[in-house]
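Note sheet for the following structure.
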Amino acid sequence: MNGYEKILKVIREQKRSAPTACIGTMTSESVCQLGTLVLDEDDLLIASHLKGKLEKGDEVYLQRLSEETYVILAKVVSM
């Protein structure tokens with residue numbers, strides 16, 4: 001394997017493990033649902049400007065940090 005092939009292999013491996021962005025719905029102040037996946041406060045981090053400001057039914061923009069942890073970055077609304 002030459003140097004270019006090694007670089008491509010590393011890029012492909014990092015791409016597979018890259019965090020995923022998604023939209024979820026708050027089912028309470030501290031629980032968010034992504035399809036059938038339910039995330040509670042043990043699974044979530046939240047941007048400091050949103051702490052205490054989310055309500056049931058709010059749609060939020062999340063970024064997956066690991067298999068078990070997501071961060072809520074923003075509240076989203078339709079235009």
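Values below: every heavy atom of this structure, side chains too, minus hydrogens, waters and symmetry copies.
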Count the heavy atoms of every other residue, nucleotide or ligand shown that sit under 6.0 Å from CD of Glu5, and state whether that count exceeds 12. yes
When rounded to the nearest 0.5 Å, the distance separating NZ of Lys75 from CG of Leu54 is 7.0 Å
Is there a path of hydrophobic side-chain contacts, each under 4.5 Å between heavy atoms of I/L/V/M/F/W/Y residues, joining Leu73 to Leu65? yes
Using a 4.5 Å side-chain heavy-atom cut-off and chaining through intermediate ILVMFWY residues, the residues clustered with Val31 come out as Val38
Say you draw a straight line from CD of Glu55 to OG of Ser28; how long is it, rounded to the nearest 0.5 Å? 11.5 Å
Could you please spell out the steps behind the side-chain contact (heavy atoms from CB on, under 4.5 Å) verdict for Ile72 and Tyr61? CA-CA 6 Å; Ile72 299 174; Tyr61 178 78; over 6 Å; no
If I take atom SG from residue Cys32 and atom CG from residue Leu39, how far apart are they, to the nearest 0.5 angstrom? 6.0 Å
Of all the heavy-atom pairs spanning Leu34 and Gly24, show the shortest one and how long it is. CD2-CA, 3.4 Å
With the side chain counted from C-beta on, respond yes when Thr25 and Glu59 share a heavy-atom pair under 4.5 Å apart, and no when they do not. yes
For residues 41-48, tabulate all N or O donor-acceptor pairs below 3.5 Å that involve a side-chain atom, not counting sequence neighbours.
from: Glu41; atom 1: OE1; to: Ser30; atom 2: OG; distance (Å): 3.4
from: Asp43; atom 1: OD2; to: Asp40; atom 2: N; distance (Å): 3.1

Determine whether Leu50 and Val60 fall in the same hydrophobic cluster, where Ile, Leu, Val, Met, Phe, Trp and Tyr are linked whenever their side-chain heavy atoms lie under 4.5 Å apart. yes
Given side chains that start at C-beta, do those of Leu37 and Tyr70 come closer than 4.5 Å, heavy atoms only? yes
